[in-house]
Amino acid sequence: MAKYRNAHGGNLRASDIGNEVHLAGWIARRRDHGGVVFLDLRDASGHVQVVLNPDDAPASEEVMRRLRNEFCIMVKGVVRPRLEGTVNPDMPTGEVEVGGTSLEVLSTADTLPFQVDERFDADEGRRLQYRYLDLRRDRMADNLRSRSTAIRAMRHVLDDLDFLEVETPTLVVSTPEGARDMLVPSRLRPGQFYALPQSPQLFKQLLMVAGVERYYQVARCYRDEDFRSDRQVEFTQLDLEGSFWDQDDVLDTLQAIVTRVVKDVRGIDIPHPIPRMTYADAIARYGTDKPDVRFGMEIVDLGEVFASSEFRAFAATLADGGTVRGINAGDQGLSRAGFDKLVAQAQDLGAKGLVWMVVEEDGSLRSPVAKFLSEAELSGIAATMDGKPGDALLIVADEVAKAAAVLGELRLSLGRPDNHDDLEFLFVVDFPVFERTAEGGFVAAHHPFTAPLDVAEMRNSPETAVSRSYDMVLNGAELGSGSVRIHDPELQSQVFEILGVSADEAQARFGWFLEALRYGTPPHAGFAIGVDRFVSILQNEQNIREVMPFPKTQTGADPLTGAPGVVADTQLEELGIDVRAEVRAAWSDTTSDS
RNA sequence: GGGGGCGUGGUGAAGUCUGGAGUUCACGCCGGCCUGUCAAGCCGGAGGUCGCGGGUUCAAAUCCCGUCGCUCCCGCCA
């Protein structure tokens, strides 16, 4: 006989009526009528109503009155149907209640720093400071459970496909590429540092060289960059890689994984196959490499309409190699002031301006610039953009990339659903090898181990060269990315050269890896899914902190434990580290408040 | 590095624009009444240096400057 309980309250149903149960859990709510006392008892399975009636003397009157929210208690009682008219249809256990026959307080609770009750949304700093209480909330408990369900689903699929789960080191060597590394000083080699991995990238490729063939890992990754609602300094990826694999093998596997995850977490089947879109298409139609395809409002090219326009703003842009594009934002019910705000927003985004038009009942276009446009142009706009009465047409004339980006942003702010009730997956393929920097130069869009589609193209026309890399997008969020890797050391050398990394430099940084490629490396490809982002979308959360048990604040602090913290001078001495005087001085200045 | 929002009893908010007694609301807490509620109800009570520092003013939660914290965004995130 278990010491504390023989049942979980949240699981009790009408079929359990008559059973004597021993329950343990927390008092989520209490309703003390002076005589009878109702408790909503919460455990990991959910809630159930416990009734303590003094006539049945489940406990001394004194103990019953002393009960408070969040006390941890043990109750024995009998499952019984609720009285006529007192069934609670809002609770899964609402048909039954437990008539208490004995009660024991296992642990009392001080007055809480905030109410666990779902109806009150406490300040997030406070929630993080008392995360162990925050996690008692149904919403957070549900998020934790769903996260576990999602990861379990991933493991099921990959185990069924004969993947090997392999752990890779979290103390690795720092490389200057990519995100800023999180560093860990070495005591045995004072003055030297490990880095925490940004991803297990090179290790998983080594596993391919090692003959693992099918690898996955639920891997903690670290990137020391600024926080966002979807970015934390440490986060979790489902990392996977396969030998003798090409892009289709990866995408098929990903489809199987996310299908199972959505099924297990949401209980629904996503449509197959997950659609694919090229990067070029995504930019042209949605102005972003991670389109939210839950709604239309696609970007339309108006270049032909204005091919011989006399409207100078448009004509000059086209003559300079720019573009004129627009979106039909639909009937937004915007006033003049509303459109002025959109113009300001477009300018904040870097556009020179924004032309707006409204389709009138008779199909004509009302716009501040209508008088500068010919009849043919006006009707061409309405036709090309499929304008219906009431529709707001928004047009940007600018450099191609700028126009796409601005319209993409406007599209999101005007049309994006504010929840994740619908799920639209998308694979974006054929990413470019390079992306343009703000200064007009080129920089590698991916890590240097990504295979180009054609190395000659990569060398000769960097602006259009395509790489064998791909992203998975869900509801406009980048869920992850991957690529076919370079497995030929000769090709790898050429790619480094084109990327501007000298042979000596490549040797110095990655010599150990380049050498590995020389011992019979199989063709391989892989991917990594951002678990936190995925789960947050499935759980309809706006912020990945809500699906992380102990996240950090935007400034990288943990209000619960106080991390990061100052360490003892003796610790620093062992590491050979001196903290600069002005930094030390700042330690004592951090007069914290509240 | 830059821009925006927020900080008021234990909790959440209103009050701040337009300065005039720590005022208000809900929850929680304490005490009393109450045997079928499920946000239980009714009555009473306690509890705040308005994040912190400085300035303006006869007078500051309110205006100004600085600072700390939380948050959203741009940059950044191969």
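Sequence lines set the chain letters: A, B, ... in the order given, protein chains first and strands last, and positions in each chain run from 1. Only heavy atoms go into these numbers, but all of them, side chains included; no hydrogens, no water, no symmetry mates.
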* Spell out, as yes or no, whether a donor-acceptor pair under 3.5 Å connects the side chain of A:R459 to the backbone of A:I498. => no
* To do: Look only at the side chain of A:Q247 and the backbone of A:A525, and say whether a donor-acceptor pair between them is shorter than 3.5 Å.
  =>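 Side chain of A:Q247 to backbone of A:A525, a donor-acceptor pair under 3.5 Å: no, none is there.
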Rounded interatomic separation in angstrom, taking [atom1] from [X] and [atom2] from [N]:
X      : N     : atom1 : atom2 : value
A:L128 : B:U71 : CG    : C1'   : 11 Å
A:R29  : B:C27 : CZ    : P     : 12 Å
A:D134 : B:G12 : CG    : P     : 12 Å
A:N69  : B:G10 : CG    : C1'   : 14 Å
A:R127 : B:G7  : CZ    : C1'   : 17 Å
A:D32  : B:C34 : CG    : C1'   : 9 Å

I'd like the [atom1] distance from [M] over to [N], given in whole Å.
N     : M     : atom1 : result
B:G45 : B:U49 : C1'   : 23 Å
B:U16 : B:U23 : C1'   : 13 Å
B:G28 : B:C38 : P     : 13 Å
B:G12 : B:G51 : P     : 13 Å
B:G36 : B:C50 : C1'   : 43 Å
B:G3  : B:A78 : C1'   : 27 Å
B:C6  : B:A59 : C1'   : 27 Å
B:A61 : B:G55 : P     : 15 Å

Does the distance from a Lys or Arg side-chain N to an Asp or Glu carboxylate O, for [X] and [Y], drop under 4.0 Å?
X      : Y      : result
A:E478 : A:K290 : no
A:R42  : A:E70  : yes
A:E546 : A:R127 : yes
A:D40  : A:R31  : yes
A:D16  : A:R13  : no
A:E225 : A:R223 : no

* Carefully, step by step, assess A:R131 and A:M140 under the rule side chain to side chain contact (heavy atoms under 4.5 Å, CB included). => CA-CA 10 Å; A:R131 192 61 156 181; A:M140 297 303 288; 3.4 Å; yes
A quick test of your reading: do over 12 heavy atoms of other residues, nucleotides or ligands sit less than 6.0 Å from [atom1] of [X]?
X      : atom1 : value
A:D110 : CG    : no
A:K552 : NZ    : yes
A:E95  : CD    : no

* Nearest-nucleotide comparison on RNA chain B, the residue closer to the 5′ end among A:G34 and A:R68 -> A:R68
* Of A:N53 and A:D123, whose closest RNA chain B nucleotide lies nearer the 5' terminus? ->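 With A:D123 and A:N53 compared, the 5'-side residue is A:D123.
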* To do: Indicate whether any N or O donor in one side chain lies under 3.5 Å from an N or O acceptor in the other, for A:N143 and A:E541.
  =>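 Indeed, the side chains of A:N143 and A:E541 share at least one donor-acceptor pair under 3.5 Å.
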* Does A:H33 lie flat on the base of B:A40, that is, centres under 5.5 Å apart and planes under 30° off? -> yes
* To do: Report yes if the ring of A:F38 lies under 5.5 Å from the six-membered base ring of B:U37 with planes under 30°, and no otherwise.
  =>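 Yes; centroid distance and tilt both under limits.
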* In terms of side-chain heavy atoms of A:R82, which of B:C38, B:A40, B:U11 is nearest? ->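 Minimum distance to the A:R82 side chain belongs to B:C38.
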Provide a list of protein-nucleic acid N or O atom pairs under 3.5 angstrom, restricted to nucleotides 42-44 of chain B.
none

* To do: May I ask you to verify whether the side chain of A:Q115 and the base of B:G10 hold a donor-acceptor pair under 3.5 Å?
  =>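 Indeed, a donor on one side and an acceptor on the other fall under 3.5 Å apart.
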* Give the B/S/- string for nucleotides 72-78 of chain B, one per nucleotide from 5' to 3', where a protein heavy atom under 4.0 Å of the base yields B, of only the sugar-phosphate yields S, and otherwise -. => BSBBBBB
* Asked: What residues in residues 472-481 of chain A put a non-hydrogen atom under 4.0 Å from any atom of RNA chain B?
  ->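 By residue number: none to list.
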* Counting only Watson-Crick or G-U wobble pairs whose two distances fall under 3.5 Å, which nucleotide matches B:A26? ->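 Per the H-bond distance test, B:U11.
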* Please work out if A:D90 contacts a base, only the sugar-phosphate, or nothing of the nucleic acid, heavy-atom cut-off 4.0 Å. => nothing
* Asked: Among A:F427, A:Y470, A:Y286, A:F431, whose ring pair (Phe, Tyr, Trp, His ring centres under 6.0 Å) with A:Y279 holds?
  ->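 Checked A:F427, A:Y470, A:Y286, A:F431 against A:Y279; only one passes ring pair (Phe, Tyr, Trp, His ring centres under 6.0 Å): A:F431.
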Contact under 4.0 Å: [X] side-chain N or O vs [N] OP1/OP2:
X      : N     : answer
A:R31  : B:U37 : no
A:R126 : B:C70 : no
A:T553 : B:C70 : yes

